[in-house]
Chemist: 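Take this structure, written in C-alpha cells, and hold onto it; I'll ask about it next.
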Amino acid sequence: MAQAPTIDNAALDELARGFRGKLLRPGDDGYDAARTVFNAMIDRHPALIVQPADTAAVAAAVKFAAERDLLVSVKGGGHSAPGHAVSDGGMMIDLSLLNEIKVDPAARTAIAGGGTKWGELDAATQAHGLAVTGGRVPSTGIAGLTLGSGSGWLERKLGFTVDNMLGAEVVLASGDVVRASENENPDLFWGLRGGGGNYGIVTKFEYRLHKIGPLVFGGMLIFPRPRAAEVIRAYRDFMEGAPDDVGGCAALVCAPPEEFVPAPMHGMPVLGVIVCYTGKPEDGPAAFKPILDLQPVMNMTQPMPYVEVQKLIEGMNQPGFQNYWKADMYPALPDEAIEALANATVEPISPLTAILVMPLGGAIHRVSDDATAMGWRGARWHIHVLGMWADHSENEKQIAWVRDVANAIQPWAQKGAYLNFLMDEGEQRVKESFGAHYKRMEELKNKYDPTNFFRLNQNIKPTV
Ligand SMILES: Cc1cc2nc3c(=O)[nH]c(=O)nc-3n(C[C@H](O)[C@H](O)[C@H](O)COP(=O)(O)OP(=O)(O)OC[C@H]3O[C@@H](n4cnc5c(N)ncnc54)[C@H](O)[C@@H]3O)c2cc1C
C-alpha cells in the first residue's frame with residue numbers, strides 16, 4: 001500500500017518553478033510506468049516522481065528533498081533486483097530523461113547521461129567500432145551497473161566497466177555539483193568505482209572506449225543437461241589458459257522458446273556455453289576448439305555484430321517476472337563444487353531461472369586490487385543463481401530453490417559478493433563485499449553523505 005504523500009501542493013509548486021523536467025504524482029500519466037522496476041516482486045508507490053531533464057534539475061530535486069527530509073530513491077535503469085530505485089511514500093529521482101550520449105571517436109571516449117541504457121550506449125559506440133565493457137542485457141541502466149563495478153562479456157579483455165571510467169559529474173547530498181576523476185576529487189572518484197549509489201547522483205559518466213568488432217565471433221553452444229558437470233569441468237580447464245579475447249560463460253538454463261531453438265527442445269534443461277570472442281571472427285572456431293570438440297547438440301556460434309552478442313540473453317531476461325538472486329565469488333572451481341552445482345540443478349523448478357558460471361581473470365586481474373572500491377578482484381569465478389518465475393504465488397518455493405542451489409556450492413565460495421547481484425542481504429554482507437576497502441568507503445560516506453541521504457542502495461552507513 002502507498003503511504004500518504006508527505007509533500008503538499010504549495011511545496012510542489014515551488015519545486016516546479018523553473019524546473020526542467022517532469023513531476024509526477026500518483027494518478028498522473030506516466031506515474032505507473034516510471035515507478036515500475038524490472039523485478040515484478042517490487043510494487044512500490046512513491047509520493048512523488050521527479051524526472052529531471054538536466055543536472056541543475058537533479059540538484060534542485062536533491063535540495064528540495066533534503067529540506068523536507070524526504071526518503072529519496074534514484075532510478076537509472078530500474079534493474080536493481082532488490083528494487084532500490086523505488087520506495088513507498090518517498091521521492092523517486094528518475095533519470096530517464098538524462099540519456100544524451102556523445103562519442104568522440106578520435107579520442108576514443110564517450111560521455112553518457114546517468115539515465116542511459118546499455119543498448120543505447122552500445123549502439124552509439126559501435127557506430128564507430130568502439131565499446132566499453134557493458135551489461136549483458138540492453139535495458140540495464142549504465143548508472144547502477146557502472147557504480148557497482150560493471151561486469152560484462154568484455155571484462156576479461158577490457159576489465160570491469162569502472163576500470164574504463166574516466167570521470168563523472170556528480171550531484172552530492174548537499175545539492176552541489178562536482179566533477180570526479182583522477183585529478184578532481186580523486187577520493188570520490190575511487191568510491192564511485194564500485195561503491196554503488198552511496199556518494200551522490202551521477203548525472204554524466206565518461207568512459208574510455210576500445211576497438212571492438214563491429215563483428216565478433218559469438219553465440220551459444222548447447223549440451224544436454226546430463227553432461228553439465230563434464231562440460232563445466234572442461235570449460236573451467238579451457239578458461240584457465242584462455243586468452244583475454246575469450247569471453248562468455250557456462251549457463252545452466254532451460255532452452256528458450258525462440259525460433260533458433262528446435263521446438264522439441266523448448267523448455268528442456270540444457271547446459272549452454274555463451275561465446276563472445278573479440279579476436280578476428282574467423283579465428284573464433286579455433287579459439288573455442290576445446291569446447292567445440294565436446295560436440296554440442298546445437299552450435300549457434302558465428303560471426304555476428306557485437307551489439308547482437310549483447311542481446312544474446314535479452315529474451316531470457318524480460319521485465320515483469322519475479323526475481324530472487326544469489327551470487328558468490330570463487331577462488332577456484334574444484335570438481336566437487338561443479339558436481340554439487342550440477343546435482344543441485346538437475347530439476348529446475350522454473351524454466352526462466354538461469355545459473356551463470358562466469359570466468360574472471362584476464363584484464364580484471366591486471367588492475368591493482370586497491371585501484372577501485374570492490375573487495376574481491378582476485379576471485380577466479382563468479383556464480384550467479386538468477387531465480388526468475390512468473391507466478392507470485394510460487395515465491396516461497398522458488399526462493400527456497402535458489403537458496404538451496406546457492407547453499408550447495410557455498411562451501412567453495414569466498415567471502416563477499418558482487419554489489420550488483422546482491423539482494424537485501426544485510427550490513428555484514430555489504431561490508432564483506434568491500435573487504436579491506438570498507439573503512440575507506442565509510443570515511444568517504446562520512447565526508448560526502450554524512451546524513452545518509454542516499455540510503456536506498458547497498459548502504460554504507462556513515463559513522464559521524
Ligand atoms: C536483466 C538484468 C541483467 C543484468 N546484467 C548485468 C550484467 O551483465 N552485469 C552487471 O554487472 N550487472 C548486471 N545486472 C545487475 C545490474 O548491474 C544492477 O541491477 C544495477 O543496479 C542496475 O542498474 P540500473 O541503473 O538499471 O538500476 P537501478 O535500479 O535504477 O539502480 C540501482 C542502484 O543504483 C543507484 N543509481 C542508479 N542510477 C544512479 C545514478 N545515476 N547515480 C547514483 N546512483 C544511481 C540506485 O539508487 C540504486 O541503488 C543485471 C540486472 C538485470 C535485471
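By convention here, the first residue in the shown sequence is residue 1.
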Chemist: For the pair K204 (side chain) and L98 (backbone), establish whether a donor and an acceptor sit closer than 3.5 Å, ignoring hydrogens and angles.
Modeler: no
Chemist: Answer yes or no: is there a donor N or O on one side and an acceptor on the other, between the side chain of T125 and the main chain of D122, under 3.5 Å?
Modeler: yes
Chemist: Any side-chain donor paired with an acceptor under 3.5 Å for N459 and N452?
Modeler: yes
Chemist: Applying side-chain contact (heavy atoms from CB on, under 4.5 Å), name anything that partners D104, two or more places apart in sequence or on another chain.
Modeler: A106, A107, T109
Chemist: Hey, could you give me the CD1/CZ distance between I460 and R455, rounded to the nearest 0.5 Å?
Modeler: 15.0 Å
Chemist: Would you call D163 and R193 a salt bridge, taking side-chain N to carboxylate O under 4.0 Å as the test?
Modeler: no
Chemist: Assess the residue pair K461 and E427 against the criterion (side-chain contact (heavy atoms from CB on, under 4.5 Å)); give the C-alpha distance rounded to whole Å, side-chain angles, the decisive distance to 0.1 Å, and a yes or no.
Modeler: CA-CA 9 Å; K461 292 200 172 41; E427 234 176 293; 3.9 Å; yes
Chemist: For L147, check side-chain contact (heavy atoms from CB on, under 4.5 Å) against everything at least two apart and list the hits.
Modeler: L192, V202, F205
Chemist: Can you check whether N395 reaches W389 side chain to side chain, under 4.5 Å on heavy atoms?
Modeler: yes
Chemist: Please check if the number of heavy atoms outside D29 that lie under 6.0 Å from its CG is greater than 12.
Modeler: no
Chemist: Under the ring-ring contact (aromatic ring centres under 6.0 Å, His included) definition, can you give me all pairs with a residue in residues 441-464, not counting sequence neighbours?
Modeler: none
Chemist: To the nearest 0.5 Å, tell me how far M239 CE sits from M358 CE.
Modeler: 12.5 Å
Chemist: Nearest 0.5 Å, what's the CD1-CG distance between I49 and D28?
Modeler: 9.0 Å
Chemist: Between R156 and V246, is there a donor-acceptor pair closer than 3.5 Å when you use the side chain of the first and the backbone of the second?
Modeler: yes
Chemist: Please check: side-chain N/O of K431 versus main-chain N/O of Y438, any donor-acceptor pairing under 3.5 Å?
Modeler: no
Chemist: Mind checking ring-ring contact (aromatic ring centres under 6.0 Å, His included) for Y199 and listing every partner two or more places apart, or none if nothing turns up?
Modeler: none
Chemist: Y306 versus P214: any side-chain heavy-atom pair under 4.5 Å?
Modeler: no
Chemist: For the residue pair S149 / R377, report whether a side-chain donor-acceptor contact shorter than 3.5 Å exists.
Modeler: no
Chemist: Under 3.5 Å, is there a donor-acceptor pair between the side chain of N185 and the main chain of A180?
Modeler: no
Chemist: What heavy-atom pair brings P462 and P450 nearest, and what distance separates the two atoms?
Modeler: CG-O, 3.4 Å
Chemist: When rounded to the nearest 0.5 angstrom, what is the spacing between CG in L166 and OH in Y207?
Modeler: 10.5 Å
Chemist: Output, in order, the C-alpha distance, side-chain angles, deciding distance and verdict of side-chain contact (heavy atoms from CB on, under 4.5 Å) for L456 and V72.
Modeler: CA-CA 7 Å; L456 288 177; V72 165; over 6 Å; no
Chemist: Can you name the nearest heavy-atom pair linking G248 to P359, along with the distance?
Modeler: O-CD, 3.2 Å
Chemist: Taking all non-hydrogen atoms of both residues, which atom of M441 and which atom of G195 are closest, and how far apart?
Modeler: CE-CA, 3.5 Å
Chemist: Look up atom CD1 in I383 and atom SG in C249, then write down how far apart they are to the nearest 0.5 Å.
Modeler: 11.0 Å
Chemist: When you measure from the side chain of D88 to the backbone of H45, do you find a donor-acceptor pair of N or O atoms at a distance under 3.5 Å?
Modeler: yes
Chemist: How would you list, by chain and number, every residue that makes a side-chain contact (heavy atoms from CB on, under 4.5 Å) with E425, sequence neighbours excluded?
Modeler: K326, L422, M423, R429
Chemist: So, R440 and E443, do they make that salt bridge, N to O below 4.0 Å?
Modeler: no
Chemist: Do Y277 and T301 have side-chain N/O donor and acceptor atoms under 3.5 Å apart?
Modeler: no
Chemist: Side chains of D370 and S368 only: does a donor on one sit below 3.5 Å from an acceptor on the other?
Modeler: no
Chemist: Is E184 close to V178 at the side-chain level, that is, under 4.5 Å between some pair of heavy atoms?
Modeler: no
Chemist: Between the side chains of E314 and K117, is the shortest nitrogen-to-carboxylate-oxygen separation below 4.0 Å, so that they form an ion pair?
Modeler: no
Chemist: Any donor and acceptor pair, going by atom type alone, linking the side chain of N457 with main-chain N or O of G197 inside 3.5 Å?
Modeler: yes
Chemist: May I ask you to test the P348-C254 pair for a side-chain heavy-atom distance under 4.5 Å?
Modeler: yes
Chemist: If the condition is ring-ring contact (aromatic ring centres under 6.0 Å, His included), which residues does H84 pass it with, not counting sequence neighbours?
Modeler: none
Chemist: Do I93 and P52 come close enough that some side-chain heavy atom pair is under 4.5 Å?
Modeler: yes
Chemist: Taking C-beta and beyond as the side chain, do T345 and T353 meet within less than 4.5 Å on heavy atoms?
Modeler: no
Chemist: ring-ring contact (aromatic ring centres under 6.0 Å, His included): which pairs involve residues 360-384, sequence neighbours left out?
Modeler: F160-W376, W325-H384, W376-Y418, H382-Y418, H382-F421, H384-F421
Chemist: If you compare all heavy atoms of L158 against all heavy atoms of N164, which two are closest, and at what distance to 0.1 Å?
Modeler: O-ND2, 2.9 Å
Chemist: Do Q458 and S433 have side-chain N/O donor and acceptor atoms under 3.5 Å apart?
Modeler: no
Chemist: Any heavy-atom pair between the side chains of L188 and L172 that's under 4.5 Å?
Modeler: yes
Chemist: Can you tell me which residue pairs pass the salt bridge (charged side-chain N to carboxylate O under 4.0 Å, His left out) test with a partner in residues 403-417, sequence neighbours excluded?
Modeler: none
Chemist: State the CG-CG distance between D32 and D43, to the nearest 0.5 angstrom.
Modeler: 8.5 Å
Chemist: The criterion is side-chain contact (heavy atoms from CB on, under 4.5 Å); which residues satisfy it with K447, sequence neighbours excluded?
Modeler: D187
Chemist: Only counting residues at least two apart or in another chain, list the ones meeting salt bridge (Lys or Arg N to Asp or Glu O under 4.0 Å) with E308.
Modeler: K311
Chemist: Can you tell me which residue pairs pass the salt bridge (charged side-chain N to carboxylate O under 4.0 Å, His left out) test with a partner in residues 131-147, sequence neighbours excluded?
Modeler: R136-E155
Chemist: Answer yes when K157 and D244 have at least one side-chain N-carboxylate O distance shorter than 4.0 Å, and no when they do not.
Modeler: no
Chemist: Mind listing the closest non-hydrogen atom pair of R35 and P46 along with its distance?
Modeler: CB-CD, 3.9 Å
Chemist: When you measure from the side chain of N323 to the backbone of M388, do you find a donor-acceptor pair of N or O atoms at a distance under 3.5 Å?
Modeler: no
Chemist: Between R236 and I338, is there a donor-acceptor pair closer than 3.5 Å when you use the side chain of the first and the backbone of the second?
Modeler: no
Chemist: Are any of the side-chain heavy atoms of L12 and R25 separated by less than 4.5 Å?
Modeler: yes
Chemist: With sequence neighbours left out, which residue pairs that include part of residues 161-193 fulfil the ring-ring contact (aromatic ring centres under 6.0 Å, His included) condition?
Modeler: W190-H437
Chemist: Apply the test side-chain contact (heavy atoms from CB on, under 4.5 Å) to residues V171 and D176: give CA-CA distance (whole Å), side-chain angles for both, the deciding distance (0.1 Å), then the verdict.
Modeler: CA-CA 6 Å; V171 177; D176 293 339; over 6 Å; no
Chemist: When you measure from the side chain of T133 to the backbone of T161, do you find a donor-acceptor pair of N or O atoms at a distance under 3.5 Å?
Modeler: no
Chemist: Begin from the C-alpha positions of N198 and L444 and carry the test side-chain contact (heavy atoms from CB on, under 4.5 Å) through to its verdict.
Modeler: CA-CA 9 Å; N198 270 290; L444 282 178; over 6 Å; no
